[in-house]
Amino acid sequence: MKVMAQMAMVMNLDKCIGCHTCSVTCKQAWTNRSGTEYIWFNNVETRPGLGYPRTYEDQEKWKGGWELTKSGRMKLKAGGRLKNLMTIFSNPILPSIGEYYEPWTYDYSTLTDAPAQEHTPVARPKSLISGKNMKIEWSANWDDDLGGSTETAHRDPMLKKIADKVKFEFEQTFMFYLPRICEHCLNPSCAASCPSGAIYKREEDGIVLVDQDKCRGWRKCVSGCPYKKIYFNHRTGKAEKCTFCFPRIEVGLPTVCAETCVGRLRYIGLMLYDADKVLAAASTTDDQGLYEAQRDVFLDPFDPEVMRAAEYAGIARDWIDAAQRSPIYALINTFKVALPLHPEYRTMPMVWYIPPLSPVVDVVAETGEDAEDKGNLFAAIDALRIPIEYLAELFTAGEVEPVDAVLKKLAAMRCYMRDINMGRDPDPSIPAAVGMSEEELYDMYRLLAIAKYDERYVIPAAHAEQAHSLEELSTECSVSEYGGGQQDLFGEGSGIPTPIAVENFQMLQDRQTSDSLAGPSHTKGRVNLLNWDGKGSPPGMFPPTGSDS
Amino acid sequence: MNEFLFVILPYLCLTTFVVGHLWRYRYDKFGWTTRSSQLYENRLLRIGSPLFHFGMLGVVGGHIIGLLVPQSWTDWAGVSEHAYHVVAVTGGLLAGVMAVVGMAILMYRRRTVGPVFSATTRMDKVMYAFLAVVIVLGMWNTIAGSIMTIGGEYNYREGVSVWYRSFLAFHPDASLMADAPLGFQLHALVAFGLFALWPFTRLVHVFSAPVGYLTRPYIVYRSRDDAQLGSHRPRRGWDRVG
């Protein structure tokens, strides 16, 4: 047994209102630089829908993740090591920018510059790739709230699998939101695809990171990741990905997406797992067995044997405590309501989801029946095969039973708590029907409904004795010492690196005060009016006044 | 003059090549990348890039054999002059044509595809010019010199190759190069110019050829301690305890 700790997240999809606050705050924190315009470390998809990039879940096309060979060995779906190297000069399965979307801004200056004319001037969209006028035809959220889904949704790879039963009729449809970040997998295929070995998994907390100094821009990780959560910065020529906000995690703060989540649907905590069992679990023959196999890899942090092994492996006592209090452990293993996203990719993802009951509740409510009655809800879960099969395609490789069980637990929780809230006697037959005790069901309710900040985010800080080298705390170099010297000599971003926090601050400032739309000559900042915070007036934003000229 | 062109200048270029790379690697690990533009355009790249790169691998392999293996070794192995010539010219022509066609496609793409062109730095353009001239001159030497024998037959293995080995052994003999045809002289000189530019261009990615990928374990684990977190390494302000 080799105990390792993994920082993990669970999202409760029932609470997601699709407001995109997580995406926006994440973008503002991490990908507001030029070259990253099209990159969303966190994005929120409407399902059914094509996702971002388009149809990324169709692994027959994109060949992300792992597959089993006939002899039962793990192999990258894109091919073995030699094939990987032979396709290095042109990656045949790299999504084009069109699959994400061509980023743009608007030429706002015409609104103020235009001479007097018959028609009101318009701010035309300008491509941030070529700087030219463009026609906006797709974006990261084109089918948000099922917009245009009658046209596109039939191409949803997950819907295709159950397509013979589905006619995409708007009145009969169901909808929910799926926020996605990097899965920080236990068996990351991006790292396995990286020819340079620049992508690594941190031993301490399992966060998967790209070493920007070692990345050589071979682009193999982009196609290797089945979730398409590694992006190519087209200005610096390096791969970038969600960092699980490691500078924040190290000091005990939740990620930006979790911190700013309006619905408070994200949970962050530690999971202890047995690293020796990962490969065997990922090689489980049956796709539908992968969910259970991954649960078996996790270790019970209360087991004295595990605690001893964890200490032996160098995991600090406060981290073991945190693993015991982990909401992730409770949701995955105690209550068994969280499920992995696409376990069939065999990467052992570590951002799990509580599937949404609300599409079912909505259907019941629309019929005019009591939507919180146990009988009605249970019957509806059994009757509404299509939403449930769809969820099963997402979370359990198509196996309906685990999804069914989770939804029934959530339904039972609603019914049971309603009695309590209405001042009636609680009905012990409700938890019994889903195999839980009354206390367990109440605990689950507490965790899902009213858990406070420190219960949702149980994040042990990295140890203070290492604080010297922590990104966010660093005491080593004042901000003013960065940014000196000849930068950008060999293209954008070349030169001595700056700490992430300083870099983002400076880049934001640069682009807010820069003068051109997408001028390639000025490398670091391009004015992006979507990012302009309205303070001050960047030079070139407004026509010069008399005193200036 | 010959001393300058075929001894001093090449050594200057070689020094720039070596020191430049050391300096660039220390100073600019972040800028050390292929700067791929596949995201912008894939239709032309899909054909041009593999053609060019595999062609270049062949060209480089051919140069290593042609320049570094003395004629006496192949004589000893029983390879006749004629057989060697046929193999070298065929292989060289094949690889060369691949490289030239690939390069033509890539340069056309770089000029005509808007996003690719706007991502092209001044250094790229200079490098492209040198690279194109070197390759064209090399092709000229193969076709005009070795196949059509314009300007008389010339066995580079008795001239250029010996000079090159003497150059690498720090016993340079400029006269060997002075007797070579103009095409070979120019090819060598422009190539040394390219070597001098090399560390300051995107060509540095050649030295990142990821051969280690074939043997390393799939998943890389790294500790936070030795990861040199994110972007800055601890500065020595005091002696560490323990």
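Within every chain, numbering begins at 1; the chains are lettered A, B, ... in the order of the sequence lines, protein sequences first and strands thereafter.
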Does B:Arg35 use its side chain to pair, donor to acceptor, with the backbone of A:Arg235 at less than 3.5 Å?
-> yes

Quick one: OH on B:Tyr213 to OG on A:Ser193, what's the gap to the nearest 0.5 Å?
-> 5.5 Å

Heaviest contributor of heavy-atom pairs below 4.5 Å to chain B, chosen from A:Val222, A:Val208, A:Leu76, is A:Leu76

With side-chain contact (heavy atoms from CB on, under 4.5 Å) as the test, would you mind laying out the steps for B:Tyr40 and A:Ile97 before giving the verdict?
-> CA-CA 7 Å; B:Tyr40 297 139; A:Ile97 189 82; 5.9 Å; no

What residue, out of B:Arg122, B:Arg46, B:Arg26, has the most heavy-atom pairs lying under 4.5 Å from chain A?
-> B:Arg46

Determine whether B:Leu39 and A:Tyr38 make a side-chain contact, defined as any pair of heavy atoms from C-beta on separated by less than 4.5 Å.
-> yes

Is B:Ser223 close to A:Glu204 at the side-chain level, that is, under 4.5 Å between some pair of heavy atoms?
-> yes

Nearest-0.5 Å distance that lies between atom NZ in B:Lys29 and atom NZ in A:Lys214 | 10.5 Å

Heavy-atom closest contact (A:Phe89 atom, B:His53 atom, distance) = CD2-CG, 3.2 Å

So, the part of A:Leu186 with a heavy atom under 4.5 Å from chain B: the answer is backbone

Ring centers of B:Tyr221, A:Tyr200 separated by less than 6.0 Å | no

For the side chain of B:Ser118 and the backbone of A:Ser130, is there at least one donor-acceptor N/O pair under 3.5 Å apart?
-> no

Mind checking whether A:Trp66 and B:Tyr218 have ring centres under 6.0 Å apart?
-> yes

Which portion of B:Phe207 sits near chain A, non-hydrogen atoms under 4.5 angstrom | neither

Go through B:Pro217, B:Ala209, B:Gly212, B:Ser208 and name the one with the most non-hydrogen pairs under 4.5 angstrom from chain A.
-> B:Ser208

Any donor-acceptor pair under 3.5 Å linking the side chain of B:Gln38 with the backbone of A:Ser90?
-> no

Are B:Asn42 and A:Leu94 close enough, and set up right, to give a side-chain contact (heavy atoms from CB on, under 4.5 Å), and what steps lead you there?
-> CA-CA 9 Å; B:Asn42 194 27; A:Leu94 187 81; over 6 Å; no

Rounded to the nearest 0.5 Å, what separation is found between the OG atom of A:Ser189 and the CD1 atom of B:Ile219?
-> 8.0 Å

B:Thr33 side chain to A:Lys238 backbone, donor-acceptor under 3.5 Å | no

Do the rings of A:Trp218 and B:His205 sit parallel, tilted or perpendicular, given the 30° and 60° boundaries?
-> perpendicular

Note: vs chain B, highest number of non-hydrogen pairs under 4.5 angstrom among A:Gly80, A:Pro188, A:Ser96 is A:Pro188

A:Arg81 CZ to B:Leu214 CG distance, which is reported to the nearest 0.5 Å = 7.5 Å

Which bit of A:Asn187 comes within less than 4.5 Å of chain B, counting heavy atoms only: side chain, backbone, both or neither?
-> both

Could you pull out the closest heavy-atom pair between A:Ile129 and B:Pro115, with the gap in Å?
-> CG2-CB, 3.4 Å

Looking at A:Ala192 and B:Arg216, what are the two nearest heavy atoms and their distance?
-> O-NH2, 3.7 Å

Contacting region of A:Asn84 [heavy-atom separation from chain B under 4.5 Å] | side chain

Quick one: does B:Arg222's side chain have a donor or acceptor within less than 3.5 Å of a partner on A:Ile199's backbone?
-> no

Check each atom of A:Cys215 against the heavy atoms of chain B and say whether the ones under 4.5 Å are side chain, backbone, both or neither.
-> backbone

